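Counting starts at 1 for both ligands and their atoms, following the listed order. Fair warning: this is a prediction, and the values are worked out from it, not measured in the lab.
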Amino acid sequence: MSLIRLDKFISERTEYSRSQIKQLAAKGSVTVGGVAVKKTDMKIDPDSDKIAVLGNIVASQRFRYILMNKPQGYVCSTNDNDGECVLELVPPELRTKNMFPAGRLDKDSMGALLITDDGELAHKMLSPKSHVPKIYIVKLDRPFQNNYINKFERGITISGGERCLPARVKAVENAEKLAIIEICEGKYHQVKRMFSAVGNHVDILMRVSLGGLVLPEKLGKGECMELLHKDVENLFKPSDFDLFCAKFSQNFSANLINNQL
Ligand code: URA
C-alpha cells in the first residue's frame with residue numbers, strides 16, 4: 001500500500017489545480033470515503049479510498065484512456081486556434097489536464113479515436129515500430145476494383161513517392177463503392193492517398209478499429225467512453241481482418257451511410 005497526498009491524487013486525475021482543490025475542500029466538496037475533508041495534504045490510499053469532488057468519484061487509475069467516436073468537423077489537436085477540437089467533446093467528468101488525441105483522424109474523418117494523458121502509451125501506440133493495425137471503412141467516389149487487393153498487398157507507392165507497407169483491402173458485399181482497409185502505419189492522409197494512387201477518391205472515411213479494439217456500436221457520434229485496462233491492452237493486440245469483414249462490415253456500412261444523411 002503506498003499512500004499519496006489527497007491534492008496530488010486529485011490534481012493528477014482531474015482538471016482541478018491544487019489551489020482549486022483547497023477551495024473546494026474548504027466548502028466541504030471533497031470527500032474521502034463519503035466524509036467531507038478540509039485538509040488537502042492528508043494521505044490517502046489510492047487503491048482503497050473512494051475520493052469524490054462535488055459528488056463525482058475520482059477514478060483511481062493514474063492515467064485516463066477515452067475512446068471517442070469522432071464526428072466530422074473536429075480537429076485532432078490541443079490548440080483551439082486550429083478549429084473546433086475533439087477535446088471539447090470530452091465530458092467534464094472524464095477530462096484531465098494533460099489529455100491529447102493519440103493519433104490523428106482528419107477533420108472530415110470520423111470514428112475510433114483514443115484520447116489519453118498517458119504519453120508513454122501514446123508514444124508506443126503511434127511508434128512506427130509497433131505496427132498497430134487500424135481498420136477503416138471508406139465510401140469511394142467510384143466502384144471498388146478487385147485489382148486494388150494485390151496492389152495494396154504488395155505495398156503501394158503514394159503521392160510524394162512514399163512506399164506503404166502491405167495493407168489488406170476488401171469490398172463490402174453488395175455495396176460497390178464501400179471498402180474496408182487495414183493498415184499498420186500512419187502516414188499523413190494515408191488511406192486517402194492510397195486510394196488516390198489507384199485512381200479512386202475517398203469521399204467518407206471512418207476508423208472502426210484500433211488494434212484489437214473495435215468501435216462499439218452503442219457509442220454514438222461524438223460520444224466518449226472510458227476504457228478499462230483490459231481494453232487498453234487490446235490496442236496492442238492484432239485485429240482479425242477476415243473476422244471483422246464477416247462480423248461487422250454490414251453494420252458499419254449502414255452506419256457510414258446513415259452518417260451521411
Ligand atoms: N487516412 C486518411 O487519409 N485520413 C485519416 O483521417 C486517417 C487515415
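With a 4.0 Å heavy-atom cut-off, ligand 1 is reached by no atom of Val202.
Every atom of ligand 1 is numbered from 1 in the order shown, and the set under 4.0 Å from a heavy atom of Gln190 is 1 (N), 2 (C), 3 (O). In the vicinity of Ser109, heavy-atom distances shorter than 4.0 Å reach the ligand 1 atoms 4 (N), 5 (C), 6 (O).
Considering backbone and side-chain atoms alike, Arg104 places every N or O at 3.5 Å or more from each N or O of ligand 1. Below 3.5 Å of separation, one finds an N or O of Asp106 facing an N or O of ligand 1. Taking only nitrogen or oxygen atoms, main chain and side chain alike, Lys192 reaches within less than 3.5 Å of ligand 1.
Residues passing the side chain to side chain donor-acceptor pair (under 3.5 Å) test with Glu185, sequence neighbours excluded: Lys187, Gln190.
Phe236 carries Lys124 over the face of its six-membered ring, with the cationic atom under 6.0 Å from the centre and within 45° of the normal.
For the residue pair Ser159 and Arg193, a side-chain donor N or O sits within less than 3.5 Å of a side-chain acceptor on the partner. Side-chain atoms of Asp118 and Tyr65 form a donor-acceptor pair, as typed in the model, at a separation below 3.5 Å.
Ligand 1 lies nowhere less than 4.0 angstrom from a heavy atom belonging to Tyr188.
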Practice item. I would like to know whether Asp203 and Lys139 meet salt bridge (charged side-chain N to carboxylate O under 4.0 Å, His left out); could you show each step before the answer? Key: CA-CA 6 Å; Asp203 285 339; Lys139 180 172 172 294; 3.6 Å; yes

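With Glu12 contributing its side chain and Phe9 its backbone, the two residues share no donor-acceptor pair below 3.5 Å.
Protein heavy atom nearest atom 1 (N) of ligand 1, with residue, atom name and distance: Val191 N, 3.1 Å. Here the heavy atom of the protein found nearest to atom 7 (C) of ligand 1 is Tyr136 CE2, 3.7 Å.
Ring centroid separation for the pair Tyr136 and Phe195 does not come in under the 6.0 Å cut-off.
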